[in-house]
Amino acid sequence: MLYRKIPKSGDELSILGFGCMRLASNADYSIDEERATKQLRSAIDNGVNYVDTAWPYHMGQSEPFVGRALAGGYREKVRLATKLPSWLIGTREDMDKFLNAQLEKLQTDHIDYYLVHALVGDLWDAVEKLGVTDFLDSAKADGRIRNAGFSFHGASGDFNRIVDAYDWDFCQIQYNFLDEKNQAGTAGLEYAASKGLGVIIMEPLRGGNLTRTVPPAVKRIWNETPVKRTPAEWAFRWVWNHPEVTVVLSGMNDEANIEENLKIADQAYPHSLTEAELQLVKRVETKYRELMRVGCTGCQYCMPCPSGVNSPLCFEEYNNLYLGDNPDMEKFMYAARVGGAVGLGNPAFASLCVQCGQCVEKCPQHIEIPTVLESVVAELEGPDLQERVAAAKQMFKQT
Ligand code: SF4
Ligand code: SF4
């Protein structure tokens, strides 16, 4: 495991952080505690010392899970990060109320890295007015938090002013080779680092979009290089190639992936990719842009929908339609997964959308969700949808 320093404190953090937003789950989407605990502890045993959770992850169950999973000596081995749910804050008192509840849920007397969660420009203005900088100062002074930061999903124009608005120790941004110019982007990464902030990276694989279904056209480009790496390794190495990056979070829930990530994190030094390799990644990026239809990362902030639509799942299947090479199979998978044949329960089709617009402002990727859902209906539903659902239910009942 390689380690990089938080500039202000000199704290040495593992370059791979364990993200607790997509933990190993049961069929009903509750956390598979036994498996997730083993995975988290094994990552820590192999050098990971940064664990990231947040109030809303797993519908509020991630923090209590992390508290239990770090019992028995693991808490002392890690720097623990969690986040103030900024959108739920109505008063200055709420901030203390949430932090104190989080300390209890996490079974700890301090949070090592505490972030104001999911800021966009307006939200920052609101919490700043309510006294969030005073809150952070006093929580640091009384020892409840050690380092203060923020996570960001806003427009690039708001990033620098938030960096400049407080004496932050670190920030967390979405960054991968498809997001160089999205949200904080490369300019934000470099600006934050120039101001002495540690930078934690989220969504290095863009919610799995860069690895889950690798389109044949992208595979062909990856295969051109004599150095053989998986798409995940290319994506991680590209992020770690930037010296401004401190930690890369991965929402790990699969043993083989954890092993692979740990191996990559042994070798991913800054500036370790050659110019030819960087050009290769650039070509893959261009190909993805040609193929993808919607930039959804699967963050779930738009959920739940009052009409029962599962937009992230609809968008995942919609992208798969374009990233794969078997449209009939993708249409079947849409019916199976979104139609409730595979564990989800109720149908969550795009056509259930009543265009209320409630989800739009919650989307950090600024996706016009109801509009894109109309395209999903047009391309993935159609008159034979119920037949496909019935066939999928039959198939999954038999297997
Ligand atoms: S716009 Fe559609 S998807 Fe969004 S919350 Fe309303 S019904 Fe749900
Ligand atoms: S549509 Fe937006 S808010 Fe919903 S999961 Fe995708 S990126 Fe997240």
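As the structure lists them, so they are numbered: ligands from 1, and atoms in each ligand from 1.
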Which pairs of donor and acceptor atoms, one on a side chain in residues 190-200, lie under 3.5 Å apart (sequence neighbours left out)?
from	atom 1	to	atom 2	distance (Å)
Tyr191	OH	Asp164	OD1	2.7
Tyr191	OH	Asp164	OD2	2.8
Ser194	OG	Tyr191	O	2.7

>> With ring pair (Phe, Tyr, Trp, His ring centres under 6.0 Å) as the rule and sequence neighbours excluded, what pairs involving residues 240-268 come up?
In response: Tyr175-His242, Phe236-Trp240, Trp238-His242
> Which residue holds the protein heavy atom closest to atom 5 (S) of ligand 2, what is that atom called, and what is the gap in Å?
Replying inline: Gln300 N, 3.3 Å
>> Checking the side chain of Asn147 only, and the main-chain atoms of Asp169 only, is there a donor and an acceptor separated by less than 3.5 Å?
In response: no
>> At less than 4.0 angstrom from any non-hydrogen atom of Pro306, what atoms of ligand 1 do you find?
In response: 5 (S)
> Are any of the side-chain nitrogens in Glu277 or Arg237 under 4.0 Å away from the carboxylate oxygens of its partner?
Replying inline: no
>> Give the atom numbers and elements of ligand 2 that come within less than 4.0 Å of a heavy atom of Pro364.
In response: 3 (S)
>> Ring-plane angle category for His117 and Tyr301, please: parallel below 30°, perpendicular beyond 60°, tilted otherwise.
In response: perpendicular
> Ignoring water, what protein N, O or S atoms are under 2.8 Å from atom 4 (Fe) of ligand 1?
Replying inline: Cys359 SG
Expected list for residues 353-361: side-chain donor-acceptor pairs under 3.5 angstrom, two or more places apart:
from	atom 1	to	atom 2	distance (Å)
Gln355	NE2	Pro370	O	3.3

> When you measure from atom 6 (Fe) of ligand 2 to every protein heavy atom, which one gives the shortest distance, and what is it?
Replying inline: Cys296 SG, 2.4 Å
>> Checking the side chain of Ser14 only, and the main-chain atoms of Asn49 only, is there a donor and an acceptor separated by less than 3.5 Å?
In response: yes
> Which protein non-hydrogen atom lies closest to atom 7 (S) of ligand 1, naming both residue and atom, and how far is it?
Replying inline: Val354 N, 3.4 Å
> Just which atoms of ligand 2 are under 4.0 Å from any heavy atom in Gln365?
Replying inline: 7 (S)
>> With side chain to side chain contact (heavy atoms under 4.5 Å, CB included) as the criterion, how do Lys287 and Arg220 come out once you've worked through the C-alpha distance, each side chain's angles and the decisive distance to 0.1 Å?
In response: CA-CA 11 Å; Lys287 183 52 73 184; Arg220 278 195 289 278; over 6 Å; no
> So which of Asp96, Asp112, Asp109, Asp137 actually passes salt bridge (Lys or Arg N to Asp or Glu O under 4.0 Å) with Arg144?
Replying inline: Asp96
> Going by the atom numbers of ligand 2, which of them fall below 4.0 Å from some non-hydrogen atom of Phe315?
Replying inline: 1 (S)
>> Starting from atom 8 (Fe) of ligand 2, what is the nearest protein heavy atom, named by residue and atom, and what distance separates them?
In response: Cys299 SG, 2.4 Å
>> Please identify which of these residues, Phe150, Tyr50, Tyr113, meets the ring-ring contact (aromatic ring centres under 6.0 Å, His included) condition with Phe170.
In response: Tyr113
>> For the CG atom on Asp254, are there more than 12 heavy atoms of other groups (residues, nucleotides or ligands in this structure) within a distance under 6.0 Å?
In response: yes
> Among protein heavy atoms, which sits nearest to atom 2 (Fe) of ligand 2, and what does the distance come to when rounded to 0.1 Å?
Replying inline: Cys363 SG, 2.4 Å
> For ligand 2, which atoms, with element, lie under 4.0 Å from some heavy atom of Pro312?
Replying inline: 5 (S)
